[in-house]
Participant: 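Quick one: this structure, given as structure tokens, is what I'll be asking you about.
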Amino acid sequence: VEILSDKVIAKKRKEVFRRIKGSTLAKLLTEQNFVQESVYSLGDSPTKEEIPSAAADNESVYSYQSATSAVSAVTYATEQLGITSETKFLLLDLRDPDDFELCHIVEALNFPAPNISRDKIPPEVFRFKNEKDKLLIVYMEDERKGVEYAKLFTEKGFDNIFLLNSGFEGCAEAFPDKLEGKK
């Protein structure tokens, strides 16, 4: 019986997405000063609960038709989320909203994984789609669960998808200072 490492398995699968280490993500978060300059930590900024819902913003719903699929997207008031043209990466937590609320990596946006297959992709994700020098980093509870959804993103035409190695669990263990939430 031969024991295969995750790296060997990844090479055999010929993954179409790339991977990013937790240490690299921690470095990106530190370099961009997101921890200190988070839109949620500013005194006069709205809280996540105060950000208008898609239902309240009748100009934020639009459709995009491509050769492979029809995509509906809903705006979350991108500027209020702190996403600007200088933002180098978008960190998407693909776990359930309850898990996200409990604890998540700083600056992550909750985007439950089933929304990918339902073509409910928000505009801030589309702003990063295949943009040069922009990273779309996704993670699930563990790395193995994330593989399926990173692959699904690439099937939807996203070439700049990066899966967080070791997933949320590994990052939480190695970089507890990069977490926020109730936990």
Side-chain angles (χ1 to χ4, degrees), residues 10 14-42 45 48 51 54 57 60-95 100 104-140 143 145-168 170-171 175 178-180:
K14 299 183 190 239
E15 294 173 336
V16 290
F17 56 88
R18 290 170 266 173
R19 294 174 179 259
I20 188 168
K21 294 179 183 177
S23 58
T24 305
L25 176 60
K27 184 178 177 183
L28 284 171
L29 287 167
T30 302
E31 284 176 0
Q32 294 297 321
N33 293 322
F34 281 125
V35 175
Q36 291 81 20
E37 297 177 9
S38 171
V39 70
Y40 303 118
S41 66
L42 299 175
S45 295
K48 291 180 185 179
I51 295 173
D57 183 7
S60 66
V61 179
Y62 69 91
S63 293
Y64 166 75
Q65 182 74 33
S66 72
T68 57
S69 65
V71 178
S72 297
V74 180
T75 299
Y76 295 126
T78 304
E79 287 73 27
Q80 291 182 353
L81 291 172
I83 301 168
T84 66
S85 60
E86 280 79 45
T87 304
K88 299 292 182 203
F89 65 93
L90 190 60
L91 182 60
L92 299 176
D93 184 325
L94 303 179
R95 301 174 304 147
F100 177 82
H104 57 272
I105 300 171
V106 294
E107 299 304 322
L109 299 176
N110 186 227
F111 181 64
N115 288 337
I116 303 166
S117 57
R118 295 179 188 140
D119 288 331
K120 293 184 178 179
I121 312 289
E124 57 267 17
V125 175
F126 272 111
R127 283 177 68 178
F128 279 73
K129 183 178 181 178
N130 303 333
E131 288 292 321
K132 185 178 179 172
D133 300 325
K134 303 279 186 185
L135 310 176
L136 278 166
I137 304 169
V138 298
Y139 68 89
M140 289 285 288
E143 178 180 357
K145 292 178 184 176
V147 168
E148 170 188 354
Y149 295 108
K151 182 180 176 189
L152 189 55
F153 261 118
T154 58
E155 289 172 0
K156 300 278 182 188
F158 288 81
D159 296 333
N160 56 338
I161 291 293
F162 288 78
L163 176 65
L164 178 62
N165 277 346
S166 73
F168 175 76
C171 191
F175 306 99
K178 301 295 182 199
L179 303 179
E180 65 183 5

Participant: Ignoring hydrogens and geometry beyond distance, is a side-chain donor-acceptor pair present between Thr87 and Lys134 at under 3.5 Å?
Facilitator: no
Participant: If every non-hydrogen atom of Val147 is compared with every non-hydrogen atom of Phe17, which pair is closest and at what distance?
Facilitator: O-CE2, 3.7 Å
Participant: For the residue pair Arg19 and Asn165, what are the closest heavy atoms and their distance?
Facilitator: CD-OD1, 3.2 Å
Participant: Calculate, to the nearest 0.5 Å, the distance between atoms CG and CZ belonging to Asn110 and Arg95 respectively.
Facilitator: 8.0 Å
Participant: Could you check Asp133, Leu29, Leu136 and say which one makes a side-chain contact (heavy atoms from CB on, under 4.5 Å) with Phe89?
Facilitator: Leu29
Participant: Which residues satisfy the side-chain contact (heavy atoms from CB on, under 4.5 Å) test with Lys145, sequence neighbours excluded?
Facilitator: Met140, Glu141, Asp142
Participant: Kindly compute the distance separating CD (Glu180) from CD (Glu107), expressed to the nearest 0.5 Å.
Facilitator: 6.5 Å
Participant: What closest approach, in Å, do Tyr139 and Ile105 show between heavy atoms, and which atom pair accounts for it?
Facilitator: OH-N, 3.2 Å
Participant: What pairs with Ser117 under side-chain contact (heavy atoms from CB on, under 4.5 Å), at least two apart in sequence or on another chain?
Facilitator: Leu152
Participant: Could you tell me the separation between the CZ atom of Arg18 and the CG atom of Leu135, rounded to the nearest 0.5 Å?
Facilitator: 8.0 Å
Participant: If you round to the nearest 0.5 Å, how far is OG1 of Thr30 from CG of Leu25?
Facilitator: 9.0 Å
Participant: Looking at every heavy atom in both Ser166 and Cys171, which two are closest together, and how far apart are they?
Facilitator: OG-N, 3.8 Å
Participant: Got a sec, which residues hit side-chain contact (heavy atoms from CB on, under 4.5 Å) with Asp159, two or more places apart in sequence or on another chain?
Facilitator: Asn130
Participant: I need the Leu164 CG to Leu92 CG distance, nearest 0.5 Å.
Facilitator: 12.0 Å
Participant: Which heavy atom of Leu109 sits nearest to which heavy atom of Leu90, and what is that distance?
Facilitator: CD1-CD1, 3.6 Å
Participant: If you compare all heavy atoms of Glu131 against all heavy atoms of Arg127, which two are closest, and at what distance to 0.1 Å?
Facilitator: CG-O, 3.2 Å
Participant: With side-chain contact (heavy atoms from CB on, under 4.5 Å) as the test, pick out the partner of Leu94 among Phe168, Tyr149, Phe100.
Facilitator: Tyr149
Participant: Which residues pass the ring pair (Phe, Tyr, Trp, His ring centres under 6.0 Å) test with Phe153, sequence neighbours left out?
Facilitator: Phe158
Participant: Can you check whether Lys129's main-chain N or O pairs, donor with acceptor, with Asn160's side chain at less than 3.5 Å?
Facilitator: no
Participant: Can you tell if the side chain of Lys151 reaches within under 4.5 Å of the side chain of Ile116, non-hydrogen atoms only?
Facilitator: no
